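Sequence lines set the chain letters: A, B, ... in the order given, protein chains first and strands last, and positions in each chain run from 1. Since the structure is predicted, the reported quantities are computational estimates derived from the model, not experimental observations.
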Amino acid sequence: MNDISSMSSDDRDIEVLARDIVRIERQCFYGDEPERDRLRKIREKLNNEIVKKSKAS
Amino acid sequence: MIIESVTVENFRSFYGEQTVNFSTDPVKNTTIIYAMNGVGKTNLLNAILWCLHGEFSPGFKNSSDILNWEAKKRGRKSYHVTVNFTEDGKLYSIKRSAGDVDNFKVFRIVDGNAEEIKRNATVFVNSIIPKDMAGYFINDGEGSDLTVDARGMISVKRSIRDILGFQVAEKSLDDLAKIKKEYRDELKRFDVDNELAGLEEKLEVFETSIKENQKQLSDNQEAYEDYKIRLDQIDKDLDGANLVVIKKLQSDRIRAERDHKSANSDLKAHTNKKISLIREYSWVAFAHKLSDEALDFIDEAELEGKVPAPFNVQLVNDILKRSECICGACIKPGSEAYQNIKAMLGKAADPALLNRLQKARSRLTAIKTLAPQAKERLESNFTACVRAEKTITRLADEIREYSIKIEAVDDQRIEKLEKDRRLFKAKCSEANNTIIRKGIKIEDLVQQRKKHEENIGRLKGLSPRARLSREKISLVEKVEAAINRELAEAEGSIKETLEGKINHFLDKYLRQDYRVKMTSDFKIGLMDRDDRLVPPGGGQSAILSFIYISSLIAIARERRDMKSSILTPGAIAPLIFDAPFSNLDPSYAPNVARELPKLVDQLIILMYQDKAKNVDSVLESEGKLGREYYLTEEIAGPQGEKLIHELDIDGKRVPVTVYDAPMDKVLIKEAKRHV
């Protein structure tokens, strides 16, 4: 597993985002959330990241 | 996870409600369920798998027809399975029903009372034994993807990825690709002048092309390794030929081929050296004549005493400024003496110019010194190249000559081997050329893609919506790269671990000099002590599958507490094997029976009783056998000419087929409990 603490801020954000997206997928794959919702949730996650970045810049 | 019991009700061959209580003893951890073929072993295994995850093993036939036929005739409309198990010392119960009522419930049992786990019940079960790994623990053999190919090799890439917990991450990548496609379509709509959309479209083409070429590269690498293994086999067969003349020719040819390969490497190294020497000395070669002439010119000027002059500009200017000579005489401006001294300025040496001239001279001298050195080194390199080329030609002739001599031997087997050898040599060379070509192509495509990405980054005047779409695409690409990186690292690091584990189990199971051969594309095969691939059949393939599954289980166990948000952690669960000994040679079966229970906390074996394989007696003598069950088939029809099958249970012959029964059904009966 990649060590987040040793990463640059941008890389860390991407790593966290990747893990969050896989978590969404996992919840749907293992039945915690309806599978049909997963694309919507991943899109939301990506959009939030874009908004966060645009605010920061 | 330790399974306490399973209760099946109207599930396939099992009419009514029947229960198996498995051995939960940590030492006597094995339960055997004996059954004749086609009676219900696979049904029982699938009942457990279905109860846990609502799925069946890939080889389970007619999976839409589960309700027991007799139950259906009697108006029953649903079937049920209950699995009771402990996890970390706590007792749980999973109940699944289907038919007219579909139901899935998980309970925590506290002091005999069942408390339903309502939230995240499926997730809870998956956290104990993930559904993408369950098929390896609850293994019906036939249904797994461990197919042995014609040469005795098993492709294990998918199973490795499953046990490493890749499935969810791979699904994420699929979904990210879908979302990226949506963003690209969005971009095409928003990018009014189509400039960015056009570049994005090209980028997509590059990505597709890179993927296709990578796939072709990997296919060719796989094929190359495969041909190499075949070639090695043929060479070993030729080497082991009975004819002394063949043995000698083959060993000479192998030596010549080895030297040929080494000479080729030498030539490659010399050629690379040549390139670096040319880079280092090309300027010397070009400047050599010019530097000679320039040095002659400078030296000629020096000899004439013009450069440098015996006085410099500063001295003449000082005399003129002070209107006084260095001897103290007065020099009036405008006088003849003044004019004479002023005229000296034209010949006076300039220190700055002198300095530059000296530097130029030093560089020119360096060229003059380097020239012979360059000549010597280049000549020596050219000689080495020519020598290597000659060696290569000589060895190629030698190899050809040996091959002709081998072919000339009147022996059909040798003829066939030689023919195959030529074929696989050609295939190897073809695959290798493709690998090189594809490598260059991919590098080129990656560069082109990079250029396009830079062009995209430089685009000005985009609409805000088009820019946003581009940012989203870029973000998705970064996330994809992060996930792919982690998957590649995990897969890269597992090869050595897996090889180690398989070899460890080979030592224990076979006690022979077998070693595992693993290709870069995760194909495994057994190599004998002469380094020959063991052909399929003879039980070795069965044992390799066995050992491989054992290794997977061991890896899953080690990865249970793994901290990763990208990969799914492993699991500790019972190993439930359907007919594991059926294809196993009787000489291997006792060793497997001895070692298998040591691998897992709980072992459940569904098997046909074959006394010749000594499975139960070994398990018992090793103190590993906890409980024994058997399945009896009751048939609502006359015996006629048919035999009554019997099992040997505790020294007694027990019939397991009963005719003229009131209905068709299979009964689960306990044979013995080893307290």
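Comparing A:Leu39, A:Asp11, A:Ile21 by heavy-atom pairs within less than 4.5 Å of chain B, the highest count is held by A:Leu39. Of the listed residues A:Leu46, A:Leu17, A:Asp13, the one with more heavy-atom pairs under 4.5 angstrom with chain B than any other is A:Leu46. Taking B:Leu468, B:Leu475, B:Val125 one by one and counting their heavy-atom pairs under 4.5 Å with chain A, the maximum is reached by B:Leu475.
When atom types are taken as modelled, the side chain of A:Arg26 and the backbone of B:Ala169 share no donor-acceptor pair closer than 3.5 angstrom.
Note on B:Glu471 versus A:Lys53: no salt bridge recorded, every NZ/NE/NH1/NH2 to OD/OE distance being 4.0 Å or above.
Shown here for B:Val168 and A:Val22, the closest heavy-atom pair between the two residues is CG1-O, 3.7 Å. Closest approach of A:Glu25 and B:Asp175 over heavy atoms only: OE1-OD2, 2.7 Å.
Heavy-atom contacts from other residues, nucleotides or ligands closer than 6.0 Å to CD of B:Glu454 number more than 12. In this structure, A:Arg36 places its CZ atom where only 12 or fewer heavy-atom neighbours from other residues, nucleotides or ligands lie under 6.0 Å away.
Using a 4.5 Å heavy-atom cutoff, the side chains of B:Asn126 and A:Phe29 are not in contact.
For a residue to count as touching a neighbouring chain, one of its non-hydrogen atoms must lie under 4.5 Å from one of that chain's; by this rule B:Tyr183 touches chain A with the side chain only. Residue contact with chain A, scored on non-hydrogen atoms closer than 4.5 Å, involves the backbone and the side chain of B:Thr568 alike. Neither the backbone nor the side chain of B:Glu480 comes within contact range of chain A, judged by heavy atoms closer than 4.5 Å. Only the side chain of B:Leu176 comes within less than 4.5 Å of a heavy atom of chain A; its backbone N, CA, C and O stay farther away. Both the backbone and the side chain of B:Ile566 come within contact range of chain A, each with at least one heavy atom under 4.5 Å from a heavy atom of that chain.
Distance check: A:Arg38 CZ to B:Lys178 NZ gives 5.0 Å after rounding to the nearest 0.5 Å. In this structure, CG on A:Asp20 lies 11.0 Å from OG on B:Ser172, to the nearest 0.5 angstrom.
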